[in-house]
Participant: 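Provided herewith is a single structure, encoded as structure tokens, for subsequent inquiry.
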Amino acid sequence: MRIIFLDRDGVISIFTPDDYIKKWEEFEFIPEGIEGLRILNDAGYKVIIISNQAGVNKGLFTEDDLNEITQNMIEELKKKGIDNILKVYYCIHKKEENCECRKPKTGLFKKAEKELGQIDFSNTFFIGDTDIDVIAGKSIGTKTILVLTGKTKSKEETENWEIKPDYIFKNLKEAAEFIVKRGKNGKI
């Protein structure tokens, strides 16, 4: 099974600075996010979403709200012929709770492997929109892709990052095209 890990906000859906997507009505797909998911879907890649959602433990929305957003997101994607979302894992903890599942820690990746079986992290990608995503991906051993549709808006912002992404693309569509092309050449 060919797996790609994705962050949610800023990659698939809009990033809301200084706020959270608290209910389905606030959720908005990034058009190139949908296109990227379709490209991955059509090429046979399964997607695992790994996302920090501390708004739950901050009391801004409930786990039921988060589950409703997730279910609606998956249903909307299925209506568009995209049915490759294998699993969605969230960390609902606040940073100060110092849990093992909050990115940049790798607990959610390990949970995915425990539930789904052996994952060759060195043979997959984690696509995100922040330095935290890059650190998490590198820590678990994936190749990392930064997309500029979320928190990070330019390649220049990464110049002072201690840990740099392997690749930077404008959006998920470009990242997906790159992954599929590499896969056809037998590379990851």
Side-chain angles (χ1 to χ4, degrees), residues 3-30 33-34 36-37 46-78 82 84-117 119 121 124-142 144-153 157-158 160-163 165 171-172:
I3 292 173
I4 303 293
F5 291 93
L6 296 178
D7 182 33
R8 190 190 79 183
D9 301 338
V11 178
I12 298 169
S13 60
I14 59 164
F15 170 73
T16 51
D18 304 317
D19 199 4
Y20 295 88
I21 296 168
K22 300 176 288 303
K23 55 188 178 202
W24 173 244
E25 294 74 27
E26 296 172 354
F27 186 95
E28 186 179 326
F29 284 104
I30 297 169
I34 292 174
L37 284 169
K46 296 295 182 190
V47 169
I48 298 173
I49 296 172
I50 305 275
S51 179
N52 290 346
Q53 294 293 328
V56 172
N57 277 15
K58 290 180 179 180
L60 301 173
F61 53 99
T62 66
E63 275 193 83
D64 286 343
D65 295 329
L66 183 58
N67 292 335
E68 180 184 352
I69 292 166
T70 302
Q71 198 55 44
N72 285 327
M73 174 185 73
I74 290 169
E75 289 303 316
E76 285 301 310
L77 290 170
K78 283 181 180 176
I82 301 166
N84 64 335
I85 307 293
L86 188 59
K87 286 292 263 186
V88 179
Y89 295 99
Y90 294 118
C91 170
I92 61 169
H93 303 107
K94 297 180 278 190
K95 187 176 184 177
E96 51 273 16
E97 291 178 76
N98 199 29
C99 66
E100 288 302 312
C101 60
R102 184 175 173 78
K103 295 177 297 181
K105 292 184 181 176
T106 58
L108 292 179
F109 293 92
K110 291 174 184 170
K111 183 176 182 182
E113 184 173 45
K114 185 177 181 186
E115 289 183 7
L116 301 171
I119 296 173
F121 291 106
T124 189
F125 289 90
F126 182 42
I127 304 173
D129 68 315
T130 68
D131 57 336
I132 289 170
D133 295 323
V134 172
I135 294 166
K138 293 272 189 181
S139 295
I140 199 67
T142 69
T144 58
I145 295 178
L146 179 76
V147 293
L148 303 176
T149 47
K151 184 176 182 183
T152 308
K153 299 290 187 195
E157 291 177 57
T158 68
N160 294 323
W161 290 7
E162 194 173 311
I163 298 175
N171 53 50
L172 183 56

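The model shown is predicted, which means the values in this text are computed figures rather than measured ones.
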Participant: Would you compute the distance between atom CD1 of Ile49 and atom CE of Met73 and round it to the nearest 0.5 angstrom?
Facilitator: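 Answer rounded to 0.5 Å: 3.5 Å.
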Participant: What residues form a ring pair (Phe, Tyr, Trp, His ring centres under 6.0 Å) with Phe29, not counting sequence neighbours?
Facilitator: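 Applying ring pair (Phe, Tyr, Trp, His ring centres under 6.0 Å) to Phe29 gives Phe27.
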Participant: Please tell me if the side chains of Phe5 and Thr124 come closer than 4.5 Å, counting only heavy atoms from C-beta onward.
Facilitator: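 Yes. Closest side-chain heavy atoms under 4.5 Å.
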Participant: Return the minimal non-hydrogen interatomic distance between Arg8 and Gln53, and the atom names on each side.
Facilitator: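 Heavy atoms of Arg8 and Gln53 come nearest at NH2-NE2, 3.4 Å.
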Participant: Under the rule for salt bridge (charged side-chain N to carboxylate O under 4.0 Å, His left out), what residues qualify as partners of Glu97, not counting sequence neighbours?
Facilitator: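 For Glu97, no residue satisfies salt bridge (charged side-chain N to carboxylate O under 4.0 Å, His left out) once neighbours in sequence are set aside.
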Participant: So, for Phe109 and Phe126, is the gap between ring centers shorter than 6.0 Å?
Facilitator: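 Phe109 vs Phe126: aromatic centres under 6.0 Å.
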Participant: Just wondering, do Val134 and Trp161 contact through their side chains at under 4.5 Å, heavy atoms?
Facilitator: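 Yes, close enough: below the 4.5 Å cut-off.
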Participant: Roughly how far, to the nearest 0.5 Å, is CD of Glu75 from OG1 of Thr70?
Facilitator: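 Atom-to-atom, Thr70:OG1 and Glu75:CD are 11.5 Å apart.
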Participant: Measuring from atom NZ of Lys22 to atom OG1 of Thr16, what distance do you get when rounded to the nearest 0.5 angstrom?
Facilitator: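 Here the interatomic distance stands at 7.0 Å.
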Participant: Test your reading of the model: is there a side-chain donor-acceptor pair from Ser139 to the backbone of Ile135, 3.5 Å cut-off?
Facilitator: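 At least one qualifying donor-acceptor pair exists.
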Participant: Not counting sequence neighbours, which residues clear side-chain hydrogen bond (donor to acceptor under 3.5 Å, both in side chains) with Glu76? List them please.
Facilitator: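 With neighbours one apart ignored, the set is Lys79.
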Participant: Passes side chain to side chain donor-acceptor pair (under 3.5 Å), Thr62 versus Asp65? Steps please.
Facilitator: CA-CA 5 Å; Thr62 66; Asp65 295 329; 3.1 Å; yes
Participant: For Asp7, check salt bridge (charged side-chain N to carboxylate O under 4.0 Å, His left out) against everything at least two apart and list the hits.
Facilitator: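 Listed in chain order: Lys103.
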Participant: By salt bridge (charged side-chain N to carboxylate O under 4.0 Å, His left out), which residues pair with Glu115, not counting sequence neighbours?
Facilitator: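 For Glu115 the salt bridge (charged side-chain N to carboxylate O under 4.0 Å, His left out) partners, ignoring immediate neighbours, are Lys87.
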Participant: Check whether more than 12 heavy atoms from other residues, nucleotides or ligands sit under 6.0 Å from atom NZ of Lys105, and answer yes or no.
Facilitator: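 Count over threshold, so yes.
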Participant: CG of Leu6 to CD1 of Ile3: how many Å apart, nearest 0.5 Å?
Facilitator: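 Between atom CG of Leu6 and atom CD1 of Ile3 there are 11.5 Å.
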Participant: Using the side-chain hydrogen bond (donor to acceptor under 3.5 Å, both in side chains) criterion, which residues pair with Asp131? Sequence neighbours excluded.
Facilitator: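 Per chain and number, Asp131 pairs via side-chain hydrogen bond (donor to acceptor under 3.5 Å, both in side chains) with no residue.
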Participant: Among Leu116, Ile85, Leu86, which one satisfies side-chain contact (heavy atoms from CB on, under 4.5 Å) with Lys46?
Facilitator: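 The single option meeting the side-chain contact (heavy atoms from CB on, under 4.5 Å) with Lys46 is Leu86.
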Participant: Using a cut-off of 6.0 Å, state whether more than 12 heavy atoms not belonging to Glu96 lie near its atom CD.
Facilitator: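 Atom CD in Glu96 is crowded, with more than 12 foreign heavy atoms closer than 6.0 Å.
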